[in-house]
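Read through the structure below, which is laid out as structure tokens, and then see the notes.
In each ligand, atom 1 is the first atom listed, and ligand 1 is the first ligand listed. Nothing here was measured: the structure is a model prediction, and the numbers come from that model.
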Amino acid sequence: MDHFQYRDGVLHAEDVPLPAIAEAVGTPVYVYSEATLRRHARVFREALSAVDRTHFAFAVKSNPNLAVLRVLRDEGFGADVVSIGEARRALAAGMPAADIVFSGVGKTDDELAEAVEAGIGQFNLESEEEGVELARIAHARGLVATAALRVNPDVDAGTHDKISTGKADNKFGVPFHEAPAIFTRLAALPGMNLRGLAVHIGSQISDLAPSRAAFAKMGGLMRDLRAAGHAITHMDLGGGLGVPYRAGEELPTPADYGAMVAEVTADWDVTVMFEPGRVITGNSGVLVSRVVRVKRGANHPFVVVDAAMNDLARPAMYDAWHDVVAVLPTGGKTTANVVGPICESSDTFAKNREMDAVATGDLVAFRTAGAYGATMANTYNSRPLVPEVLVCCDRYAVVASRIDPATILAAEQVPDWL
Ligand code: LLP
């Protein structure tokens, strides 16, 4: 359930009509609903209430906007970060350092050092090499870094190849069969408090069976490590739960996921950690865009909108589907291709799509754009960086300004030899 609904024929974000935001801020623009963010955070937490001890670390990469992070901090979430930039954002939003998990396969020494000094709560180690480095950095400062070892369970999450992370040939984690030996060596290092294991098999997961299999494997590994004398107090199960992108699409719900997790972890006696991203932010945002023109095509018309693949990269990158709806539908329907102005054919949001009929100047909304939307935006074709707006009941505020091409140009220099 989200708070983007039609009222009197106009698509609203909570109590704010989207045309009001489009007029005031311009298009394209991302619009987030605070009530939806809070609802999703609560639904997810509630779904896991059968698990005794839990920790929720919002996957910042899905939507790192400062205001969004502040909302999630208010909801009691910590953060899962994958760069020192994301860690700084989480801290700036007021999340306690102790509630932050630092994941990521390429943490640099500088990043590790800054994070250790900031008191980051848990480092999810992606390799033995990283663990050795982290321990050295912490020990040299008279500190102890708290960590979990990320293990690659060699389970296929059954999602898009580009967002699968749990197969043996993916770059993430240490190989399952090597994990006990690596754990034992790392746990012995001065400067290292290795307290648990971490796993994350992929994103937009639409079938719970692979997750169940991966978690069960991790439970077995945990038991083996305990039998070998290690104290395992934390198990991080990552994120990945998928969300419906098409109206009417049926996916496992947070409650289904929670029931599965509760069953698998029933006798674990640990703090179970979660890193949800998309399930919190995905349906909390839309991308509002204006139709520049409707152009005749060989088969179907091209609806050319002022948003492009630089603003919403998912269709171009993963052939992802986003519902496109008219903000002020007339009731008419059409079959069309929805495209952006960028000069490559991958700048296509929808092909041969049955959708609301729209005309030049009309507003459209791309649904389910709150996760991996603005955060993956760039300025290709010297386009502005897309702004973001947060709505709360009948109020709204720009929470990220549009960065215009002139500002970006001003950061470039012609060297003196030219
Ligand atoms: N934890 C780790 C270690 C991750 O790598 C990710 C996502 C998450 C948590 C959060 O996953 P979520 O709950 O959001 O599925 N740009 C792609 C998605 C990339 C996901 C990367 N890792 C997309 O637009 O579909």
For ligand 1, which atoms have a heavy atom of Gly239 less than 4.0 angstrom away?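 With Gly239 as reference, the close atoms of ligand 1 come out as 9 (C), 13 (O).
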Numbered atoms and elements of ligand 1 in range of Arg314, under 4.0 angstrom, heavy atoms: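 What qualifies from ligand 1 is 23 (C), 24 (O), 25 (O).
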Option with minimal heavy-atom separation from [atom], where the choices are [options]:
atom: atom 18 (C) of ligand 1; options: Gln204, His200, His160, Arg278; result: Arg278
atom: atom 19 (C) of ligand 1; options: Thr281, Ile163, Asp80, Ile201; result: Ile163
atom: atom 17 (C) of ligand 1; options: Phe274, Phe44, Tyr318, Tyr245; result: Tyr318
atom: atom 1 (N) of ligand 1; options: Lys162, Glu275, Arg150; result: Glu275

Per-residue contact class, Lys61 against ligand 1 - non-hydrogen pairs under 4.0 Å: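 Side chain only; the backbone of Lys61 stays clear of ligand 1.
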Backbone, side chain, both or neither: what part of Met376 comes under 4.0 angstrom of ligand 1, heavy atoms only?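 Side chain only.
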Any ion pair linking Asp74 and Arg38 (charged N to carboxylate O, less than 4.0 Å)?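 Result for this pair is yes, salt bridge flagged.
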Can we say Glu23 and Arg290 salt-bridge, meaning some charged N sits less than 4.0 Å from an Asp/Glu carboxylate O?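 Salt bridge between Glu23 and Arg290, a charged N being under 4.0 Å from a carboxylate O: yes.
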Could you say whether the N/O atoms of [X] and ligand 1 ever approach to under 3.5 Å?
X: Gly277; value: yes
X: Gly240; value: yes
X: Ser203; value: yes

Any cation-pi pair here, Lys107 with Phe123, using under 6.0 Å and within 45°?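 No, a cation-pi geometry is absent between Lys107 and Phe123.
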Closest heavy-atom contact between Ala35 and Glu14?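 Reported closest heavy-atom pair: N-OE2, 2.7 Å.
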Check: Thr159 side chain, Ser203 main-chain N or O, donor-acceptor pair, under 3.5 Å: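 Present.
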Would you confirm whether Arg89, through its side chain, and Gly85, through its main-chain N or O, come within 3.5 Å as a donor-acceptor pair?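 No; zero donor-acceptor contacts below 3.5 Å.
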Glu128 vs Leu186, test: side chain to side chain contact (heavy atoms under 4.5 Å, CB included). Steps then yes/no. CA-CA 7 Å; Glu128 180 165 12; Leu186 288 177; 4.1 Å; yes
